[in-house]
Amino acid sequence: MRVIDAIHTLYERVPAPANSLPPALASAYDGGLVVPNRQSGDRPYVLVNFIETLDGVISYTQPGEPFQGTVGGKSDTDHMVMGILRARADAVIFGAGSLREDKGHIHTPAFVSPPHADAYAAYRGSLGYGSTLPISVVMSASGQIDLSERTFHTPDLRVVIVTTSTGEGRLRGEALPPGVDVRLVASAGDGTVDVRAMLRLLVDDYGVRVALNEGGPLVLASFLAADAVDEVFLTLAPQLAGRTVETPRRSLVEGVAFAPKLAPNAQLLSVKQAGNHLFLRYAIGIGA
Ligand SMILES: NC(=O)c1ccc[n+]([C@@H]2O[C@H](COP(=O)([O-])OP(=O)(O)OC[C@H]3O[C@@H](n4cnc5c(N)ncnc54)[C@H](OP(=O)(O)O)[C@@H]3O)[C@@H](O)[C@H]2O)c1
C-alpha cells in the first residue's frame with residue numbers, strides 16, 4: 001500500500017464527533033464528519049469537492065487534449081478525502097466535459113482510494129445505504145456522451161444523464177446500457193439544464209438528500225448561479241500553474257462572473273493539513 005500523508009486538523013468551527021465516521025476513516029481524516037441530510041425542500045444538501053493549485057487552476061488539460069493528470073500531482077490523501085465525500089452522498093454530479101477529458105474515471109468511493117474500499121462500504125452501511133453505490137449524474141446540454149465509457153458499464157452503478165431536448169434527441173435511439181436513465185430537464189433559457197429543476201428531479205425521483213458536485217468549473221458555475229451550493233471542500237495543492245492567452249487554464253468557476261456585491265460569500269468550517277496540501281471546508285452563503 002502507498003504511504004498516505006497523515007492529515008492533521010488545524011481548525012474546526014464545530015468539532016464533529018469522531019464516531020460520525022467508522023474508526024478507520026476517523027483516523028485517516030483526523031476526526032469525524034457531519035453532513036446533514038436535507039429531508040425537505042426542493043433540493044438536496046449540496047457539497048462541492050475540488051482540488052486547485054495555489055493560483056486557482058483546476059486542470060492542466062486543455063479541451064480536446066488527452067488528460068494531463070490531477071493538478072499538483074496525485075495526492076493519495078486528497079483521493080482518500082474524495083472517497084469519504086463520495087461515500088457520504090446519494091449522488092455524485094459531474095459535467096460531460098469531465099467525462100470526455102478524464103476517460104475511464106468512475107465516480108465511486110473505492111475507485112479513487114482502493115485501500116479504503118472496506119471502510120467506505122462500512123460508512124455507507126452505517127448511513128443506511130446498504131451496499132448501494134452513489135448514483136452518477138452526468139450533466140450534458142448537447143447529449144454528446146460516449147456511452148462506451150466505463151461509467152456506463154460498471155456493475156451496480158446507477159447512472160442518470162440529465163439533459164435538454166437537444167441532448168435527449170441526440171441520445172434517443174442509442175442503445176442505453178442497463179441501469180442508465182436519460183432524463184429531460186427544463187432548460188435554463190440559455191440552452192443548458194436548469195440546475196434547480198434537475199435537483200428537484202433527483203429529490204423526487206431518486207430520493208437524493210445529499211449530492212456531491214464534482215464539477216468541473218462550468219457545472220460549479222451553474223450551481224452557484226442557481227444558489228444551489230451548501231458547502232465547498234477545497235484542496236489547495238502546493239503548486240503554481242500559471243496561464244497565458246494561448247494556454248488559458250481553467251479556474252474553479254468558469255462561465256459566470258459575479259458582481260462584487262453578488263459574489264457568494266463563504267464561512268470557514270475547517271482546515272486540515274497533510275504534508276504540503278491544505279484541506280479547506282467552507283459553508284457557502286453565510287457570513288457575509
Ligand atoms: N481539479 C478538480 O478538482 C477538477 C474537478 C472536476 C473537473 N476537473 C477537470 O475539469 C476539466 C473539465 O472541465 P469542463 O470545463 O469541461 O467542465 P465540466 O463542468 O466538467 O463540463 C462541462 C460540460 O458539462 C455540461 N454542463 C455543464 N453545466 C451544464 C448545465 N447547467 N446544463 C447542461 N450541461 C451542463 C456541458 O456538456 P455538453 O457539452 O455535453 O453540453 C458542458 O460542456 C477536466 O479536465 C477535469 O479533469 C478538475
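Residue numbers count from 1 along this sequence. Note: hydrogens, waters and symmetry copies are ignored here, and every other heavy atom, side chains too, is used. Order of listing sets the numbers, starting from 1, for every ligand and every atom in it. Keep in mind that this is a model prediction, so the values were computed, not measured.
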Region of [X] that comes within reach of ligand 1 [heavy atoms, distance under 4.0 Å]:
X: S222; value: side chain
X: S59; value: side chain
X: F67; value: side chain
X: E52; value: neither

Exam field: side chain H79 to backbone S113, donor-acceptor pair closer than 3.5 Å: no
Whether H105 side chain and F111 backbone form a donor-acceptor pair below 3.5 Å: no
Quick test of your reading of the structure: of [options], whose heavy atom lies closest to [atom]?
atom: atom 22 (C) of ligand 1; options: I58, L218, I51; value: L218
atom: atom 17 (O) of ligand 1; options: G95, A221, P217; value: P217
atom: atom 16 (O) of ligand 1; options: G255, A237, G215, G97; value: G97
atom: atom 25 (C) of ligand 1; options: M139, Q144, M198; value: M139

Quick test: of every protein heavy atom, which one is nearest to [atom], and how far off is it to 0.1 Å?
atom: atom 18 (P) of ligand 1; answer: G216 N, 3.4 Å
atom: atom 32 (N) of ligand 1; answer: V193 N, 2.8 Å
atom: atom 34 (N) of ligand 1; answer: A141 N, 3.2 Å
atom: atom 6 (C) of ligand 1; answer: E214 O, 2.9 Å

SB check E149 R100 (cutoff 4.0 Å): no
Candidate pair R243 and D55, rule salt bridge (Lys or Arg N to Asp or Glu O under 4.0 Å), full reasoning: CA-CA 10 Å; R243 52 161 66 185; D55 53 335; over 6 Å; no
